[in-house]
Amino acid sequence: MWCATLSLAFLTVFAGGLAGAQEARRWTDPAAHEVRFVTVDEGVTLEVLDWGGSGRALVLIAGSGNTGHVFDDFVPQLRDCCHVYAITRRGYGASSRPPSGYADQRLADDVFQAIERLRIDKPILVGHSMAGGEMTTIGRQHSDRISGIVYIDALGDLEDDPAADQEWLALQQKLPPGLQRGPKCGPVDRSTFAEYRRTWGCTLGFMLPEAELRAAFEPAGEGVGAYRIPEWVSPAIGKGQVYRRDYSGIRVPVLALMNGAQTTDQVLKATGYEPTNEKERAAIDAFMARSRIVFGRIVDKLTRHVPDARVLWYPNAGHYLFLTRQADVLRELHAFVAAVDAKRR
C-alpha cells in the first residue's frame, strides 16, 4: 500500500511537471529581441536582451524583482531612435544566482562589465526603481563611458525613504479614504498566464508583459505555479543598497521622471477626487506639504551635484510609470536622446 501510494504521488508530480514543461515549450516569447548571455564575474552570466534598432545605444535596467523582460511592451517604440538593450541583474530571471555579490558596487560592476564586453559605445542608461543605485555608481565612476542617465522613479535611497518618515506616514493615514481607494477587482486568476496577467493587472493598474511573469513564476500545467526566485535573493539585494546616494562625479546629462505631485490641485486633478469638506482639503494640503519636504530631500541630492538635471513629476502615475504613462515617458526619452546627440555633434 505504501509503495502504491508513493508511486501514485510520484506519477502525479511527474505528470504535473511534464505538463508544465510542455506548457513552457508551447509558449514562445513574441518580443523581437535576441537573448544573449554575458559573463561579468567568475561563474556569473547576465541575460541581455538585444532589440536592435538604429542610433544611440540605450541600456535599460529593471527594478528589484524584475527582469529585462519587464520592458518588452515598452522598448519597440524606442527602436526608431536607438539600439536598445536590457539587462537582467544577477539573482533574477535567466541570469546567474550566485550566493554572493549583491551589494550596490558589485551590481553596478556587473552592468558596466556587460556594457564593456558587448562593446556598447557610450550608451544612455535608463533605469527603474533600485536601478537608480547602479546607474548612480556607474555615473560617478565611469561618466567617460556613458552619454546620459535617465532615472524612472529611481532616485530614492534608504536615508530618505518616505516610509521611514513618521510624520509623512501619520499624515498619509489621515487622507480621505476616497482618495486612497483603488480599483474594484475580482480575485487573481492563476489558471493561465494570460488570465493571471489580466486579473493581476486590474489590481496593479497596468499589465506586465507575459514574458516577465514567466521569468518570475514556474508553469503549473496551463497555469501559474510557484515563484521561481529563491527567497533570499531580494533581501540580499536590499541589504546591499547604499544608505545615501552620492551623485558627485556624474558629468553627463540627467533626466529624472518621478511618480508624484507637488500640489494638492495636481493630486485632485489626477485622481478626479473632490474633497467633501474643508477638513479633507486641509488633510490633503498637510500631506502634500510634508511630501514636498520628503521628496525634496531626495531630489536635492541629485541637483546639488548635477544642477542641470531635469526632474519631471507625474501625479498618480504609480511606480511603474514607464507602463502607466508610457506616451509621456517615450516623448521625454526621445527628446533626451535627441538633445544628447545634438550636444555630441
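- Inspection of the Asn259 and His319 side chains reveals no N or O donor paired with an N or O acceptor under 3.5 Å.
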Original post:
Arg331 and Asp328: salt bridge (Lys or Arg N to Asp or Glu O under 4.0 Å), yes or no, with the steps?
Top reply: CA-CA 5 Å; Arg331 182 183 63 251; Asp328 293 324; 3.1 Å; yes
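- Taking the side chain as every heavy atom from C-beta outward, Val252 and Ile124 never approach each other to under 4.5 Å.
- Side-chain contact between Val254 and Leu302 is present, with heavy atoms from C-beta onward closer than 4.5 Å.
- Distance alone, capped at 3.5 Å, is enough to place a donor-acceptor pair between the Arg90 side chain and the Ser100 backbone.
- Checked options Glu212, Arg89, Arg214; the residue passing with Thr67 is Glu212 (criterion: side chain to side chain donor-acceptor pair (under 3.5 Å)).
- Checked against a 6.0 Å centroid threshold, the rings of Phe217 and Phe193 do not count as neighbours.
- Side chains of Asp157 and Asp160 form a contact here, defined as non-hydrogen atoms less than 4.5 Å apart.
- The closest side-chain heavy-atom distance from His334 to Cys81 is below 4.5 Å.
- Put simply, the side chain of Arg292 gets close to the backbone of Gln262: a donor and an acceptor are under 3.5 Å apart.
- For the pair Arg325 and Tyr314, the NZ or CZ position fails the cation-pi test of under 6.0 Å to the six-membered ring centre and within 45 degrees of the ring normal.
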Identify every side-chain donor-acceptor pair in residues 138-152 under 3.5 Å, counting partners at least two apart or on other chains, and give the distances.
residue: Arg140; atom: NH1; partner: Asp246; partner atom: O; Å: 3.1
residue: Gln141; atom: OE1; partner: Gln105; partner atom: NE2; Å: 3.1
residue: Gln141; atom: NE2; partner: Gln105; partner atom: OE1; Å: 2.8
residue: Ser143; atom: OG; partner: Gly139; partner atom: O; Å: 2.6
residue: Ser143; atom: OG; partner: Gly249; partner atom: O; Å: 3.4
residue: Ser143; atom: OG; partner: Arg251; partner atom: N; Å: 2.9
residue: Arg145; atom: NE; partner: Glu116; partner atom: OE2; Å: 2.5
residue: Arg145; atom: NH2; partner: Glu116; partner atom: OE2; Å: 2.5
residue: Arg145; atom: NH2; partner: Ile120; partner atom: O; Å: 3.2
residue: Ser147; atom: OG; partner: Arg56; partner atom: NH1; Å: 3.1
residue: Ser147; atom: OG; partner: Lys122; partner atom: O; Å: 2.7
residue: Tyr151; atom: OH; partner: Thr136; partner atom: OG1; Å: 2.8

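- No donor-acceptor contact under 3.5 angstrom links the side chains of Thr45 and Thr39, judged on distance only.
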What side-chain donor-acceptor pairs closer than 3.5 Å can you find for residues 233-241, not counting sequence neighbours?
residue: Ser234; atom: OG; partner: Tyr92; partner atom: OH; Å: 2.6
residue: Gln241; atom: NE2; partner: Ile237; partner atom: O; Å: 3.3

**OP:** Please test Asp189 against Arg198 for salt bridge (Lys or Arg N to Asp or Glu O under 4.0 Å), starting from the C-alpha separation and ending with a verdict.
**Re:** CA-CA 8 Å; Asp189 183 351; Arg198 182 185 66 80; 5.4 Å; no
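- Between Leu208 and Trp200, some side-chain heavy-atom pair lies under the 4.5 Å cut-off.
- Ring centers of His83 and Tyr85: under 6.0 Å apart, within the cut-off.
- By the 4.5 Å heavy-atom criterion applied to side chains, Asp110 and Leu107 are counted as neighbours.
- Salt bridge absent: Glu210 and Arg197 never bring a charged side-chain N and a carboxylate O closer than 4.0 Å.
- A donor-acceptor pair shorter than 3.5 Å cannot be found between the side chains of Thr271 and Asn316.
- Counting heavy atoms from C-beta outward, Glu34 and Trp51 have side chains that stay 4.5 Å or more apart.
- Annotation: side chain of Leu268 is in contact with side chain of Arg281 (closest heavy-atom distance under 4.5 Å).
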Original post:
So Arg310 and Glu332, salt bridge (Lys or Arg N to Asp or Glu O under 4.0 Å) or not? Walk me through it.
Top reply: CA-CA 10 Å; Arg310 187 164 185 243; Glu332 294 301 331; 2.6 Å; yes
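- Glu195 and Ser191 form no side-chain donor-acceptor contact under 3.5 Å, judged by distance and modelled atom types alone.
- Linking Ile, Leu, Val, Met, Phe, Trp and Tyr residues whenever their side-chain heavy atoms come within less than 4.5 Å leaves Val40 and Leu49 in two separate clusters.
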Original post:
Would Glu159 and Arg245 satisfy salt bridge (Lys or Arg N to Asp or Glu O under 4.0 Å), going step by step from the backbone distance to the final call?
Top reply: CA-CA 8 Å; Glu159 181 183 45; Arg245 291 275 178 87; over 6 Å; no
